[in-house]
Amino acid sequence: MIFPPVGNTLRPFYGEKPMREFAPFEERLSIWTIETMQSIFELEKSGIKLGVSPTQNETFGDYQCNAAMELAKVLKKAPRQIAQEFADAAVLPDFVEKIEIAGPGFINFFLSNAALAEHIQSLENDPHLGVEQAGQGKAVVIDYSSPNVAKPMHIGHIRSTVIGNAIDRLYRFLGYHVIADNHLGDWGTQFGLMMVGFRSFADKEALAKAPVEELERVYIASYNKSKEDPSWRDEAKAELVKLQQGDGENRALWKQFIELSIQEFDTIYNRLGVKFDLYRGESFYNDQLPKMIKTLEGRGLAVESDGALIVDLEEDGMPVCIVRKSDGGYNYATTDLATVESRIEEFSPDRIIYVTDERQQLHFKQFFTIAKKLGMEANLVHVWFGLMRLPEATFSTREGNVIKLAALLDEAEARALEMVKSSSPDMPEDQQKELARAIGIGAIKYTDLSQNPQSLVTFTWEKALNMEGNSAPYLQYAYARISSVSDKYSAQFSGTDLDDYPITIEHELERRIAIKLSRFPAAIRAAAENYRPNILADYLYDLAQIYSSFYQNVPFLKADEGIRESRIRLCRATAATLRQGLDLLGIETPERI
RNA sequence: GCCCCGGUAGCUCAGCUGGAUAGAGCAACGGACUUCUAAUCCGUAGGUCACAGGUUCGAAUCCUGUCCGGGGCGCCA
């Protein structure tokens with residue numbers, strides 16, 4: 001857990017710290033209801049949630065407290081009576097307009113428009129838009145993307161990359177010192193086959209054109225040959241041993257594979273706006289593996305079984321974990337343990353987050369358990385996501401039905417370009433292309449980020465490239481409209497200073513926007529806490545929907561002086577939130593669409 | 001056999017740390033561009049939340065079982 005768990009009488013998160021300047025209403029109101037409930041009903045710590053939560057239906061108010069129903073048993077009173085007593089005795093905080101009791105005993109709170117307006121104004125001066133810097137002074141390592149060397153990235157890699165990057169951005173925004181590490185698959189038995197294959201059938205021209213694709217072709221050819229030709233297999237094994245023993249020629253070739261691969265990965269990462277602090281492949285930890293085995297043996301954790309070295313995890317309800325193969329080679333778990341040790345030593349992280357697909361759940365459970373037994377001190381978190389499927393079948397290299405990531409991005413940009421050309425035919429072509437890039441890539445990312453990561457996902461071109469409705473372009477469009485109207489305001493009313501006109505909230509849509517804006521910190525916190533960027537995506541889509549309705553139904557520039565300025569300020573606050581939120585998802589916000 | 005995940009509108013998905021009338025997008029139907037960008041907005045229609053029990057004042061949400069789908073389970077990573 002990142003934040004202290006919620007649920008007890010006083011949310012530890014709200015803590016004993018003095019209330020911060022831009023604290024959201026939910027936080028302020030919860031502290032107030034908890035304290036008030038405790039004093040009115042003379043409650044000890046009971047484990048009952050006394051705080052408030054947002055209402056699901058705005059006709060009920062802005063926040064609701066459900067404690068009366070739960071307190072009924074403890075206090076031996078009817079819930080409605082409890083609610084009534086609370087309402088009668090409580091002195092409302094100044095930001096609450098009124099409270100109502102409804103249904104079985106819900107206590108509903110209505111925020112005052114003046115307080116809302118003031119809050120939104122105060123956010124104009126807060127670069128973090130009300131979000132607390134919860135990660136100050138803490139480091140976190142995020143291990144994501146991690147493709148294999150010599151294999152092109154396909155659509156199966158996009159989730160780890162895009163979700164991992166969003167988590168990365170979220171944690172940075174919360175003030176954590178984030179170390180984004182791309183743990184490349186750069187070591188393993190496949191390199192023997194790569195070596196012999198490369199020397200026999202690498203095509204120099206193809207290699208120059210599309211290096212990684214050619215390396216993959218070589219690998220597949222070599223793999224197929226090894227199945228029919230035992231001597232080929234032996235040769236590959238011999239080359240692998242030579243590589244592992246540090247043979248100069250093989251090392252050089254291996255390094256070349258890695259360099260070519262990283263170069264190509266980087267072009268994809270650049271297109272996706274993804275940056276890593278480190279590219280430490282598995283090979284980086286090679287030298288530490290024997291020591292790790294010794295430690296495991298020394299602690300009595302690793303024992304021999306059928307020639308291999310295993311850690312028995314039966315008492316933890318898990319199958320055994322092989323840490324050294326019978327041929328002396330090391331396994332994934334061993335590398336991962338050494339990696340944790342190294343990261344702790346170097347970065348002292350508060351936690352290490354791994355973003356991979358669901359198939360690795362057992363592996364992570366096992367090695368987390370072993371790490372704990374070894375006394376490694378870091379919170380290890382496995383963030384897993386559902387595997388991507390094609391409508392027809394699961395895709396695999398062997399089936400030949402993989403869709404390359406580069407091709408997906410190309411297609412997205414091409415489709416976006418068509419739309420840009422038809423809607424902005426007068427725009428210079430290079431600008432059209434630049435815009436199409438931002439929109440196309442945004443659409444791809446948003447598709448992944450707007451879904452619950454753990455859901456099964458079926459890849460369809462239609463969904464991946466969706467540009468209407470709940471999609472990145474919808475959000476970008478909303479942003480661009482604000483930008484445009486904001487610029488027009490500046491041009492038409494160049495002499496006015498917006499600070500001279502306070503934000504006022506009269507219209508229902510103004511109120512809905514203000515409420516939504518005030519909940520940005522909650523969305524950020526929930527997204528980070530649960531490692532689920534889709535919570536933020538949902539929030540932003542809601543916000544954009546309310547804004548679009550506002551835009552379409554309420555005049556800004558033609559409104560009377562005062563109302564006009566107030567609305568422009570609301571627009572700009574919305575823009576700031578959309579821009580920040582989309583940036584945290586790694587989605588760009590062009591000023592014009 | 002054991003373990004993990006999913007099953008919500010015709011389709012694709014939110015909602016799942018229990019709350020009031022289950023939401024979006026697409027598709028369908030009907031409206032709104034001489035107005036701040038129609039990639040938009042407004043409206044209509046569409047649901048046994050897989051099924052059966054249980055816990056609870058209250059269950060799509062928690063528990064148990066069943067069915068269907070996906071994944072994992074000693075020398076791959």
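Each chain gets a letter, A, B and so on, in the order its sequence line appears, and its residues count up from 1. Side chains are part of it too, since the values below use all heavy atoms of this structure and drop only hydrogens, waters and symmetry mates. Not measured: the values here are computed from a predicted model.
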What's the gap between [N] and [M] when it is taken at their [atom1] atoms, as a whole Å value?
N      : M      : atom1 : result
C2(B)  : G47(B) : C1'   : 36 Å
G23(B) : A45(B) : C1'   : 16 Å
A9(B)  : C49(B) : C1'   : 10 Å
C68(B) : C51(B) : C1'   : 11 Å
C42(B) : C26(B) : P     : 12 Å
C73(B) : C13(B) : C1'   : 31 Å
C3(B)  : G74(B) : P     : 16 Å
U48(B) : U8(B)  : C1'   : 12 Å

- prompt: Where along nucleotides 5-16 of chain B does protein come under 4.0 Å, by heavy atom, of base (B) or sugar-phosphate alone (S), with - for untouched nucleotides?
  reply: SS-----SSSS-
message: One character per nucleotide, please: for nucleotides 36-45 of chain B, 5' to 3', B when the base has a protein heavy atom closer than 4.0 Å, S when only the sugar-phosphate does, - otherwise.
response: BBSBBSS---
- prompt: What do you reckon, do Phe106(A) and the base of G19(B) stack, with centroid distance below 5.5 Å and planes below 30°?
  reply: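 No; by the centre-distance and plane-angle rule, Phe106(A) does not count as stacking on G19(B).
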Roughly, in whole Å, what's the span from [atom1] in [X] to [atom2] in [N]?
X         : N      : atom1 : atom2 : value
Leu475(A) : G25(B) : CG    : P     : 13 Å
Glu58(A)  : A20(B) : CD    : C1'   : 15 Å
Ile546(A) : A24(B) : CD1   : C1'   : 13 Å
Glu462(A) : C26(B) : CD    : P     : 11 Å
Asn66(A)  : U17(B) : CG    : P     : 13 Å
Asp542(A) : G25(B) : CG    : C1'   : 13 Å
His382(A) : C3(B)  : NE2   : P     : 20 Å
Phe60(A)  : A22(B) : CZ    : P     : 11 Å

task: Let me see the working for Glu510(A) and Arg512(A) under salt bridge (charged side-chain N to carboxylate O under 4.0 Å, His left out), right down to the final yes or no.
output: CA-CA 5 Å; Glu510(A) 291 171 336; Arg512(A) 289 179 62 198; over 6 Å; no
message: With nearest nucleotide decided by heavy atoms, which residue, Ala526(A) or Lys365(A), maps closer to the 5′ end of RNA chain B?
response: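 The answer here is Lys365(A).
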field: Torsion-based syn/anti label for C33(B), 90° from 0 as limit
entry: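 With its glycosidic angle within 90° of zero, C33(B) counts as syn.
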For residues [X] and [Y], is any side-chain donor paired with an opposing acceptor at under 3.5 Å?
X         : Y         : value
Ser145(A) : His157(A) : no
Ser450(A) : Asn534(A) : no
Thr589(A) : Arg579(A) : no

Student check: side-chain heavy atoms of [X] and [Y] closer than 4.5 Å:
X         : Y         : answer
Val381(A) : Ile352(A) : no
Gln360(A) : Trp384(A) : no
Trp254(A) : Asp186(A) : yes
Pro147(A) : Lys151(A) : no
Arg532(A) : Ile535(A) : yes
Gln244(A) : Phe191(A) : no

task: Please say whether the positively charged group of Arg572(A), taken as NZ for Lys or CZ for Arg, lies over the ring of Tyr547(A), i.e. under 6.0 angstrom from the six-membered ring centre and within 45 degrees of the axis.
output: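 Not satisfied by the 6.0 Å and 45° rule.
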query: How about Tyr489(A) and Phe556(A): are their ring centres within less than 6.0 Å of each other?
result: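 Not under 6.0 Å, so no.
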Please output the side-chain donor-acceptor pairs of residues 313-324 of chain A that fall under 3.5 Å, not counting sequence neighbours, one pair per line with the distance.
from: Glu315(A); atom 1: OE2; to: Lys373(A); atom 2: NZ; distance (Å): 3.1
from: Asp316(A); atom 1: OD2; to: Lys373(A); atom 2: NZ; distance (Å): 3.0

- prompt: Dot-bracket for RNA chain B, 5' to 3', counting Watson-Crick or G-U wobble pairs under 3.5 Å, with [ ] for crossing pairs and | for inter-strand pairs?
  reply: ((((((((.[[[[.)...(...]]]].(((((.......))))).....[[[[[..)....]]]]])))))))....
Heteroatom pairs (N/O) under 3.5 angstrom, protein to nucleotides 75-77 of chain B:
from: C75(B); atom 1: O2; to: Ser326(A); atom 2: N; distance (Å): 2.6
from: C75(B); atom 1: O2; to: Ser326(A); atom 2: OG; distance (Å): 3.2
from: C75(B); atom 1: N3; to: Ser326(A); atom 2: OG; distance (Å): 3.2
from: C75(B); atom 1: N4; to: Asp306(A); atom 2: O; distance (Å): 2.7
from: A77(B); atom 1: O3'; to: Glu282(A); atom 2: OE1; distance (Å): 3.0
from: A77(B); atom 1: O3'; to: Glu282(A); atom 2: OE2; distance (Å): 2.5

- request: Select base, sugar-phosphate, or nothing to describe what Asn108(A) touches, counting heavy atoms under 4.0 Å on all strands.
  value: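 Base contact - Asn108(A) has a heavy atom under 4.0 Å of at least one base atom.
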message: Under 4.0 Å, heavy atoms only, any strand: does Ala72(A) hit a base, just the sugar-phosphate, or nothing?
response: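 Touches nothing.
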query: Please, which pairs that meet salt bridge (Lys or Arg N to Asp or Glu O under 4.0 Å) have at least one residue in residues 70-81 of chain A, sequence neighbours excluded?
result: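 Listed by first then second residue: Lys77(A)-Glu85(A).
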message: Applying salt bridge (charged side-chain N to carboxylate O under 4.0 Å, His left out) to Glu413(A) and Lys433(A), what does each step give before you reach the verdict?
response: CA-CA 8 Å; Glu413(A) 289 182 15; Lys433(A) 280 191 175 161; over 6 Å; no
